[in-house]
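Here is the structure we will look at, set down as structure tokens.
This one's a predicted model, so the numbers in the text were calculated from it and none came from an experiment. Throughout, protein chains are lettered first and strands after them, A, B, ... in sequence-line order, and every chain is numbered starting at 1.
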Amino acid sequence: MCTTCGCSTGAHATLTDPATGRILHLERPDGQVPRQEPADPSPAPPSAPAERHARAHGTTVPLEQAVLAANDRLAERNRRWLATRHILALNLVSSPGAGKTTLLERTLRELGDGLPIGVVEGDQETLFDSERIRATGCRAVQVNTGTGCHLDAEMLARALGQLNPPRHSLVMIENVGNLVCPALFDLGEAAKVAILSVTEGADKPLKYPHMFRAARLMILNKLDLLPYVDFDVAACIAYARRVNPDIDVLSLSATRGDGLAAWYRWLQARLARV
Amino acid sequence: MHELAITRNIVEACRARAGNARVLCVTLEIGTLTCVMPEALRFCYEIVTDATPLAGSELEIIRLPGISRCRDCGGEVIMHDPLSCCPCGSVHLTPPQGGDELRIRSMDIEEAD
Ligand SMILES: Nc1nc2c(ncn2[C@@H]2O[C@H](COP(=O)(O)OP(=O)(O)OP(=O)(O)O)[C@@H](O)[C@H]2O)c(=O)[nH]1
Ligand SMILES: [Mg+2]
Ligand SMILES: [Zn+2]
């Protein structure tokens, strides 16, 4: 469960550079919340009388602060850091096993020669995925979140420091396999990419509307398995557009290769804009 | 269960501002389109505030709905959840405005006198 969620008393997230085997601990002491910024001195909107009446002898202190303000500030810092270096960072999210790592491996093999690509791998445990990435010859840094079920902006900041991506490059972030919590946490990425495989059921966008609302692109993966499963592609796309009318959609098979050309064009179009 | 994390953020922010004063009530604004469930938050709040200056305080949650427009009839649609439809039956809506708020509006503390 979430580190930020606190479900993980005393859990430590770790960051490993598989090239050097160096491990850094990301300290997340129990209940720790990054320091609050000084309160905004501007007057807060007047509170409704109803807010006050029940608490006689109390004083209302306006706070007007985003609950995830600390994460959002760090995410903005990451975004600026990436922008000044003309680096495109994409945040790949999906349920476990939808094919994030497989799609990354294929993309690195087919685009990696012409384009520097670095990968940040988020998993609760193991270095397996970053080792798969390194086997393609690309730089990868592994963030192990322990019991945490998503990456947060601080983890990405540390990972970027370790990865040290060159200017005009692509950074792919593979988030922890989870369609809920990563939707809430901005990392500073340019876009979230939600990957859904056809073995998971066409109604996923309605069951996890927040993730599909937060994503810029939905990738339907494992298209090669379509003859063997009951999956209505048109219905799935309609569900995704219902929760996010502007979402881009691509269908592909990361193993057989269908639809990859369109994925590469989508990437190139985004790269041209950073 | 990201609600526990969210609750810890809230309680920590309030503690930092309240100093030694006892907190009587915390008022949150939660959009109807965020994936934070008020019931889960209330459950976590009782546990997380235990043995803090917020113990026993009230948690007031103001839901702020997202607003979309129907692409078929043009009417305004109040999004009570991400799957709300237009009263005309249409599900073809514009992307909603608002509804993703997750804010601590204010807290009431005991007056130091
Ligand atoms: N048939 C088929 N299998 C695929 C495809 N893409 C991935 N797979 C298989 O699906 C399984 C999971 O793929 P991964 O790439 O490890 O999935 P992941 O999303 O990275 O998984 P986690 O990191 O554990 O969340 C592997 O056995 C892949 O070979 C595809 O397009 N077609
Ligand atoms: Mg993986
Ligand atoms: Zn309508």
Side-chain angles (χ1 to χ4, degrees), chain A residues 1-8 30-36 39 44-45 47-48 50-52 54-71 148-150 152 179-185 205-206 208-214 238-239 241-247, chain B residues 1-18 21-30 33-36 41 44 47-48 52 57-58 60 62 66 68 71 81-85 91-96 99-113:
Chain A
M1 288 275 116
C2 287
T3 335
T4 325
C5 308
C7 322
S8 52
D30 181 41
Q32 174 211 319
V33 168
R35 260 183 343 275
Q36 303 302 327
S47 57
E51 242 178 82
R52 314 200 57 171
R55 277 89 52 182
H57 313 299
T59 311
T60 298
V61 181
L63 287 153
E64 288 300 336
Q65 102 183 31
V67 172
L68 295 176
N71 182 76
C149 51
H150 59 265
D152 64 28
L179 275 178
V180 183
C181 308
L184 262 182
F185 292 83
L206 295 186
Y208 298 92
H210 303 288
M211 187 55 88
F212 291 88
R213 215 166 84 76
Y239 294 150
R241 294 242 157 93
R242 179 164 165 201
V243 295
N244 183 351
D246 294 334
I247 198 167
Chain B
M1 240 304 239
H2 44 277
E3 279 85 0
L4 191 48
I6 299 293
T7 309
R8 290 203 162 157
N9 279 268
I10 294 164
V11 170
E12 213 35 63
C14 291
R15 278 180 78 156
R17 284 294 299 282
R22 198 161 75 86
V23 176
L24 306 174
C25 177
V26 171
T27 304
L28 306 179
E29 294 170 345
I30 302 183
L33 305 179
T34 61
C35 60
V36 173
L41 215 56
C44 297
I47 298 166
V48 175
T52 72
S57 64
E58 220 179 298
E60 215 175 285
I62 299 171
S68 293
R71 292 190 202 265
D81 63 66
L83 303 183
S84 293
C85 351
V91 295
H92 300 113
L93 311 177
T94 60
D100 45 18
E101 299 81 1
L102 187 52
R103 260 197 316 260
I104 312 168
R105 176 193 276 202
S106 62
M107 65 180 170
D108 292 4
I109 57 172
E110 208 163 51
E111 248 158 35
D113 54 7

Of the non-hydrogen atoms in B/Pro96 and A/Arg213, which two are nearest, and what is the gap between them? CG-NH1, 3.6 Å
Proximal component of B/Val36, with respect to chain A [non-hydrogen, under 4.5 Å]: side chain
Indicate the atoms forming the closest heavy-atom contact of A/Gly58 with B/Glu111, along with that distance. O-OE2, 3.6 Å
Check each atom of B/Leu28 against the heavy atoms of chain A and say whether the ones under 4.5 Å are side chain, backbone, both or neither. neither
Heavy-atom nearest pair, B/Leu33 first then A/His210, reads O-ND1, 2.9 Å
Which atoms of B/Arg71 come close to chain A, meaning under 4.5 Å heavy atom to heavy atom: side chain ones, backbone ones, both, or neither? side chain
Under 4.5 Å from a heavy atom of chain A, the part of B/Ser68 involved: neither
Is B/Leu93 in contact with chain A via its backbone, its side chain, both, or neither, using a 4.5 Å heavy-atom distance? backbone
How long is the span from the OG atom in B/Ser106 to the CD atom in A/Gln65, to the nearest 0.5 Å? 11.5 Å
Working to the nearest 0.5 Å, report the span between OG1 of A/Thr59 and CE of B/Met107. 10.0 Å
Compare every heavy atom of B/Cys35 with every heavy atom of A/Val180, then report the nearest pair and how far apart it is. O-SG, 4.4 Å
For the residue pair B/Pro82 and A/Val243, what are the closest heavy atoms and their distance? O-CG1, 4.1 Å
Would you please test A/Leu184 and B/Leu102 for side-chain contact (heavy atoms from CB on, under 4.5 Å) and show each step? CA-CA 10 Å; A/Leu184 262 182; B/Leu102 187 52; 4.2 Å; yes
B/Arg105 vs A/Glu64, test: side-chain contact (heavy atoms from CB on, under 4.5 Å). Steps then yes/no. CA-CA 4 Å; B/Arg105 176 193 276 202; A/Glu64 288 300 336; 3.4 Å; yes
Are the side chains of B/His92 and A/Pro245 in touch, meaning some heavy atoms are under 4.5 Å apart? no
Please classify the contact of B/Thr7 with chain A as side chain, backbone, both or neither, using a heavy-atom distance under 4.5 Å. neither
